[in-house]
Amino acid sequence: MFLSVFDMFKVGIGPSSSHTMGPMVAAARFLDMMRASPFEFRGLRSSLHGSLAFTGVGHATDRATILGLAGFLPDTYDNDKAEDTLAAINATKTIVLDDLGTLQFDPKTDMIFDYDHALPGHANGMVLMATDAQGDVTLRQVYYSVGGGFVLTEEELAQGKATDEGDPIPYPFKSAVEMLEMAKTSRLTIAQMKRANEVSRGCEESLAKGTQRLWQVMNDCINRGLERDGILPGGLSVRRRAKGIYDSLMAERGMNLTAPHTINDWMSVYAMAVNEENAAGGQVVTAPTNGAAGVLPAVLRYYLDHVPGASEKHIEDFLLTAAAIGGLVKYNASISGAEAGCQAEVGSASAMAAAGLCAVMGGTPEQVENAAEIALEHHLGMTCDPVKGLVQVPCIERNGLGAIKAVSAASLALRGDGQHFVPLDAVIETMRQTGADMHEKYKETSLGGLAVNVPNC
């Protein structure tokens with residue numbers, strides 16, 4: 001089983017990896033289908049289903065899909081250009097592409113939110129269509145946004161593309177048990193095995209530059225969030241709080257009376273800064289999703305800024321270790337809130353961050369696995385119930401608490417010798433079963449939980 005560190009961590013835009021980035025990627029893939037088709041097209045249509053329909057407005061799914069059809073991609077997104085493009089589309093009811101010409105598309109009639117017909121493959125389903133001059137559909141494709149920005153066609157999903165192993169790699173572990181056995185046999189750390197797998201598919205230079213860029217984008221996102229205040233978009237009038245908390249923490253630095261638990265506020269504020277940026281549609285890194293994007297950067301920033309002896313040379317090991325754990329969760333369960341609730345998003349992120357922190361603080365592979373297990377175990381059953389479908393309440397604070405749990409899990413694991421009662425594999429399987437049993441209204445539909453018990457105005 002191989003999922004690259006650059007699959008788990010992707011540079012993109014907020015507010016959601018599955019509801020914003022995924023649909024934009026799907027639309028880009030559909031344009032490629034059109035380019036490869038012998039037909040001549042004159043129009044476009046789209047329909048959103050399941051969770052993409054129920055929380056699509058709050059997650060800007062319609063906007064992302066339209067921009068994707070206009071040629072935009074998450075990793076090269078330009079907000080000013082996007083605003084101009086959307087204005088032109090709304091005014092002219094057309095999408096103009098250099099290689100496909102002028103295509104009829106009215107956002108009010110050609111972007112359908114279908115609340116009544118869920119698609120069978122995944123909760124996040126969408127259909128993209130191209131039409132001829134008479135308005136008849138001549139090309140149609142179903143896409144599923146399966147979490148973390150990953151997108152599959154219905155054919156790819158049916159063929160098992162989600163679990164495709166690809167070319168051989170040196171250390172193909174599919175479970176934590178296999179991972180620990182390979183580490184023991186090879187006498188390598190989890191990061192070293194993951195690095196060997198990555199290099200077998202690329203090169204050391206691209207790995208080093210790529211991981212450096214990932215941390216740069218993560219850290220820049222933290223810094224932007226710590227500098228900006230105001231009201232987040234979407235209609236809930238949620239205030240940005242990270243800047244105020246950060247300013248207060250900076251003013252308290254050096255004071256003898258600061259309580260020890262204040263360190264929790266540092267972890268939280270880093271995470272909240274990221275998720276406030278995400279909620280505002282800013283540039284973030286999936287870790288493993290946008291809704292959980294603040295946990296891992298917060299823990300890594302905590303390590304670099306607050307842990308004695310911390311070194312930036314360990315950033316790559318942190319990310320590689322975290323990606324290895326994230327790959328196990330995605331392969332054996334889910335990282336999608338629409339599929340398994342927030343346990344699959346913030347829970348997975350907390351497990352990944354705990355593993356990364358434990359590794360760079362000298363933990364053995366057994367302690368790293370224990371750290372991930374502790375963090376994930378104590379997110380089991382967590383629902384995804386965003387108020388008004390926005391990735392704001394309870395998502396922003398939840399990332400802060402996920403970071404705190406990750407650090408606590410790593411610390412507990414480092415206090416032990418790696419032996420523990422509940423294996424990570426058992427927790428991952430429990431999460432999968434819990435997600436399957438969880439009522440749909442608690443899985444990113446905003447039909448239950450806080451979403452219906454808190455006023456949306």
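For the salt bridge (charged side-chain N to carboxylate O under 4.0 Å, His left out) test, residues two or more places apart in sequence or in another chain that qualify with Arg29 are Glu156. For the salt bridge (charged side-chain N to carboxylate O under 4.0 Å, His left out) test, no residue two or more places apart in sequence or in another chain qualifies with Glu227. Every residue two or more places apart in sequence or in another chain that forms a side chain to side chain contact (heavy atoms under 4.5 Å, CB included) with Asn264 is listed here: His261, Met267, Ile404. For Thr364, the side chain to side chain contact (heavy atoms under 4.5 Å, CB included) test picks out Glu366, Gln367, with sequence neighbours left out. In terms of the side chain to side chain contact (heavy atoms under 4.5 Å, CB included) criterion, residue partners of Ala130 (sequence neighbours excluded) are, by chain and number, Phe30, Met34, Phe41, Leu44, Leu139. Residues that satisfy the salt bridge (charged side-chain N to carboxylate O under 4.0 Å, His left out) test with Arg35, not counting sequence neighbours, are Asp32, Asp99. Residues satisfying the side chain to side chain contact (heavy atoms under 4.5 Å, CB included) criterion with Val422, sequence neighbours excluded, are Glu373, Glu377, Ala426, Val427.
In summary, the side chains of Tyr77 and Asn79 do present a donor paired with an acceptor at a separation below 3.5 Å, with no hydrogens or angles considered. Glu429 and Gln433 share a side-chain donor-acceptor pair at under 3.5 Å. Residues Ser145 and His19 bring no donor and acceptor atom of their side chains to less than 3.5 Å of each other.
In this structure, the separation between CZ on Arg187 and CD on Gln192 is 13.0 Å, given to the nearest 0.5 Å. Atoms CG and OG, on Asn124 and Ser18 in that order, are 4.5 Å from each other to the nearest 0.5 Å. One distance of note links CZ of Arg63 with OG1 of Thr65; it measures 11.5 Å at 0.5 Å rounding.
Pairs of residues two or more places apart, or lying in two chains, that qualify as salt bridge (charged side-chain N to carboxylate O under 4.0 Å, His left out) and include a residue from residues 433-451 are Glu440-Lys443. Pairs passing the salt bridge (charged side-chain N to carboxylate O under 4.0 Å, His left out) check and including a residue from residues 339-350, sequence neighbours excluded, do not occur. Within the structure, the salt bridge (charged side-chain N to carboxylate O under 4.0 Å, His left out) test picks out no pair touching residues 251-274 (sequence neighbours left out). Legend: salt bridge (charged side-chain N to carboxylate O under 4.0 Å, His left out) pairs involving residues 267-285, not counting sequence neighbours, sorted by first then second residue: Arg224-Glu277, Arg228-Glu277, Arg240-Glu277.
In terms of heavy-atom proximity, Gly14 sits nearest to Thr20 at O-CG2, 3.6 Å. Closest approach of Ala353 to Leu296, counting heavy atoms only: CB-CA, 3.9 Å. Contact between Leu319 and Phe9 at its shortest, heavy atoms only, is O-CE1, 3.5 Å. Among all heavy-atom pairs drawn from Gly234 and Leu390, the shortest one is O-CD1, 3.6 Å. Nearest heavy-atom pair across Leu380 and Gln343 is CA-OE1, 3.5 Å. Nearest heavy atom pair, residue Val146 against residue Ser336, reads O-CB, 3.5 Å.
No more than 12 heavy atoms of other residues, nucleotides or ligands shown are found within 6.0 angstrom of OH on Tyr442.
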Lys243 and Leu226: side-chain contact (heavy atoms from CB on, under 4.5 Å), yes or no, with the steps? CA-CA 4 Å; Lys243 182 181 185 300; Leu226 295 177; 5.9 Å; no

Is there a side chain to side chain donor-acceptor pair (under 3.5 Å) between Glu155 and Gln159? Walk through the geometry before answering. CA-CA 6 Å; Glu155 294 83 7; Gln159 294 165 7; over 6 Å; no

Would you please test Glu178 and Glu181 for side-chain contact (heavy atoms from CB on, under 4.5 Å) and show each step? CA-CA 5 Å; Glu178 291 181 357; Glu181 185 59 36; 5.6 Å; no

Start with the C-alpha gap between Arg301 and Asn219, add the side-chain angles, then the distance that decides, and say whether side chain to side chain donor-acceptor pair (under 3.5 Å) holds. CA-CA 8 Å; Arg301 177 73 172 258; Asn219 200 40; 2.8 Å; yes

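Ring geometry for Tyr302 versus His306: interplanar angle under 30°, hence parallel rather than tilted (30 to 60°).
In this structure, Lys330 satisfies the cation-pi test against Phe150, with its NZ or CZ atom closer than 6.0 Å to the six-membered ring centre and inside 45 degrees of the ring normal.
Looking only at side-chain heavy atoms (C-beta outward), Asn290 and Asn275 stay at 4.5 Å or farther from each other.
Although no hydrogens or angles enter the test, the distance criterion places a donor-acceptor pair under 3.5 Å between the side chain of His59 and the main chain of Gly389. For Glu198 (side chain) and Val5 (main-chain N/O), a donor-acceptor pair under 3.5 Å exists by modelled atom type.
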Donor-acceptor contacts, no H, no angles, side chain residues 307-317, under 3.5 Å, sequence neighbours left out:
unit_1: Ser311; atom_1: OG; unit_2: Lys313; atom_2: N; d: 3.2
unit_1: His314; atom_1: ND1; unit_2: Tyr303; atom_2: OH; d: 2.9
unit_1: Glu316; atom_1: OE1; unit_2: Thr211; atom_2: OG1; d: 3.2
unit_1: Glu316; atom_1: OE2; unit_2: Arg195; atom_2: NE; d: 2.8
unit_1: Glu316; atom_1: OE2; unit_2: Arg195; atom_2: NH2; d: 3.1
unit_1: Asp317; atom_1: OD1; unit_2: Arg195; atom_2: NH2; d: 2.6

